[in-house]
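What follows is one structure encoded as C-alpha cells, with my remarks underneath.
Sequence positions, counted from 1, serve as the residue numbers for this chain.
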Amino acid sequence: MKNGIVLRGDLIWTEGPDRFRYIEGGYLSMEGGIIKGVSAEPPREGTILDYSGSLIIPGLSDLHLHAPQYSYAGLFMDEELLEWLEHHTFPEEARFADTGYAAKAYGAFVSDLTKGSTTRFSAFATIHREASLLLMRLLEDAGLSGYVGKVSMDRNSPKELSEDTHEAVEEEILFIDEASSFSRVRPIVTPRFIPSCSDELMEALGKIAGERDLPLQSHLDENPSEVEWVRALCPWADSYASAYDRFSALGPRTIMAHCVWPTEKEIGLLASTGTYVAHSPSSNGNLSSGIAPVRTFLEEGVNVGLATDVAGGSSLSMFRMITDSIQVSKLRWRLVDDTRKPLRFPEAFYLASKGGGSFFGKVGSFEPGYDADILVIDDWKGSTVLRSELSVPERLEFYAYRHPEEFISAKFVKGQRII
Ligand code: GUN
Ligand code: FE
C-alpha cells in the first residue's frame, strides 16, 4: 500500500439493498484505482486525505440519459412521449449535424455532469458519428467513465434524423472502430427504439453487438401509445420485449430504459435474460408515462438501476433520482398495488450505486476489489440546527432530499480525482 491513498471521513455504502454499512470517522483505502478496504483505524501505509466530518459514499451510476437533450432539459414538459419526440427532441437532435453546435452543447453537458453526482453513465448521443465521437472525447478528457452510443434510426423519423439502413450499419461500424481510441469511455450499440429501427437494422445491430462483444441500449414499454405502435409494427412478436429478444438485443449487457408497462411475461423475459432496466422516475412523471413496477422487478430478480433520462428528466442529479424513485413507488403502492411495498431509502441508494453500477463491473460499493468511484460530500456546510444530532445514514438521507450540488467537494472515478 506504499503508493496507496486513504480517505478519512464518514464512510457509508450498501452491499445489498436491505441496509447501509457505515463507519463514522473511518478510513477508505485505495490503490491503482481499486478499493482495498475500509477500516475504523488508520491503515499503516498510504497517504491520508483528511475529509473528517464529510460523508464519503460510492459514486452513482446514471444508467440512461440523452446528452444532446441536455440543452433543453426543463423545457417542453406538457406533451406525452411521441408528440414530445416529434415536436422538440428530433428538431434539437438534428442540430448536432453541425459539429460546432455539438461542441458547444456537449461542452456544457460534460461540464455539468462532471460537477454533479454521476460517476458512471450510459448515454445516447445522436445519429451523427462525428458529434458522437466529440462527446466521447469530452467525457474522456473530463475523467468520467461510461458508455456513449451513436443512435441508429432508419424509419419513422424526420429526414434530417434518418439514415438508410445500409448507411446506418456502415456508420455504426465506423463509429465503433473510431471509438476504440478511448479508454474510459466505450461505445454501446444504440437502436433508438423499435419504432425508429426497421427489422433489418435491428437484426444487424443485434449481430454487431454479439460479434464485437459490445453492450446495447434502447427503450422499452415507456408509454401506452408507443407500446400500441410496436404491436402494429411487429405483429409477429408476442410482446415489445420479445421483439427485442428476437433480434438478440436482450441480455446482461443490455440496458432497456423505462419498462413502465411490462406484462408478466415480459418481466419474466427481462429476468431470465439478465437485462438491466433503467428506471427513470422523473422522466416517467414529466412525460406522463406512468410508474414502473420496480418492487415487482426486484422480487422477480430483474437487474435495476436508476436513470435521469435527460431531457425526459430535467435534472442530472442522481440524488434526485433516488428520492423520486421512492416517491413514485409510494404513489404506485397507494394508487395501483398496495401489496407491493414502496422503496425504502437504503434500497433506492443501492439501486443508484451498486445496483446500476454492476452494469459497468465492480462499481458502486466500498468492498475490496471495487473500482474507486467516490463522492465526498461536505454536509456540514448546511445551516440546519439538527445536523449534529444525526446518524451517518440520516445525514445521507437528509442530503439526498436536499442535494445541494456545491456540497460535493471531491469526486474520484477509477481512483482519479476529477473534482
Ligand atoms: N424513446 C425513443 N426516443 C426517446 C427519447 O429520446 N427519450 C425518451 N424518454 N424516450 C424515447
Ligand atoms: Fe430515453
Original post:
Should the pair Arg212-Glu172 be classified as a salt bridge under the 4.0 Å nitrogen-to-oxygen rule?
Top reply: no
Original post:
Taking the side chain as C-beta and beyond, is there a heavy-atom pair between Asn156 and Ser196 under 4.5 Å?
Top reply: no
Original post:
More than 12 non-hydrogen atoms from neighbouring residues, nucleotides or ligands closer than 6.0 Å to CD on Glu203, yes or no?
Top reply: no
**OP:** Without swapping roles, check the side chain of Ser288 against the backbone of Glu80 for a donor-acceptor pair under 3.5 Å.
**Re:** no
Original post:
Quick one: does Arg19's side chain get under 4.5 Å of Arg21's, heavy atoms only?
Top reply: yes
**OP:** Walk me through it: do Asp309 and His66 pass the test side-chain hydrogen bond (donor to acceptor under 3.5 Å, both in side chains)?
**Re:** CA-CA 6 Å; Asp309 187 38; His66 298 260; 3.2 Å; yes
Subject >> Donor-acceptor pair, side chain of Asp378 and main chain of Trp380, under 3.5 angstrom >> reply: no
Subject >> Closest non-hydrogen atom pair, Leu216 against Ala209 >> reply: CD1-CB, 4.2 Å
**OP:** In sequence, state the C-alpha distance, the side-chain angles, and the governing distance for Glu92 and Tyr101, and then conclude on side-chain hydrogen bond (donor to acceptor under 3.5 Å, both in side chains).
**Re:** CA-CA 11 Å; Glu92 178 62 18; Tyr101 183 76; 2.6 Å; yes
**OP:** Flag the pair Trp13 / Val38 as yes when at least one side-chain heavy-atom distance between them is below 4.5 Å, and no otherwise.
**Re:** yes
Original post:
Do Phe124 and His219 make the cut of ring centroids closer than 6.0 angstrom?
Top reply: yes
Subject >> Positive for salt bridge (Lys or Arg N to Asp or Glu O under 4.0 Å) with Glu347, one of Arg295, Lys354, Lys341 >> reply: Arg295
Subject >> Sidechain-backbone polar pair: Ser353 side chain, Leu60 backbone, donor-acceptor under 3.5 Å >> reply: no
Subject >> Qualifying residue, where the test is side chain to side chain contact (heavy atoms under 4.5 Å, CB included) with Phe349 and the options are Pro17, Ser325, Pro58, Pro393 >> reply: Pro58
Original post:
Can you tell me how far the NZ atom of Lys207 sits from the CZ atom of Phe247, to the nearest 0.5 Å?
Top reply: 13.5 Å
**OP:** Please answer whether the main-chain N or O of Gly25 pairs with a side-chain N or O of Asp10 as donor and acceptor at a distance below 3.5 Å.
**Re:** yes
Subject >> Spacing of CG belonging to Leu250 relative to OG belonging to Ser272, to within rounding of 0.5 Å >> reply: 8.5 Å
Subject >> Distance, nearest 0.5 Å, that separates CD of Gln327 from CG of Leu343 >> reply: 11.5 Å
**OP:** Would you check if the side chain of Ser52 reaches a backbone N or O of Gly9 as a donor-acceptor pair within less than 3.5 Å?
**Re:** no
Original post:
Under the 3.5 angstrom rule, does the side chain of Glu140 hit a backbone N or O of Phe182 as a donor-acceptor pair?
Top reply: no
Original post:
Of Asp324, Ile291, Val260, which is the lone residue that meets side chain to side chain contact (heavy atoms under 4.5 Å, CB included) with Asn284?
Top reply: Val260
Original post:
Would you say the side chains of Tyr240 and Thr263 form a donor-acceptor pair under 3.5 Å?
Top reply: no
**OP:** Start with the C-alpha distance between Glu299 and Arg340, add both sets of side-chain angles, then the distance that settles salt bridge (charged side-chain N to carboxylate O under 4.0 Å, His left out), and finish with yes or no.
**Re:** CA-CA 9 Å; Glu299 286 173 358; Arg340 317 254 183 195; 2.5 Å; yes
**OP:** Decide yes or no for Leu65 and Phe121: does some side-chain heavy atom of the first lie under 4.5 Å from some side-chain heavy atom of the second?
**Re:** yes
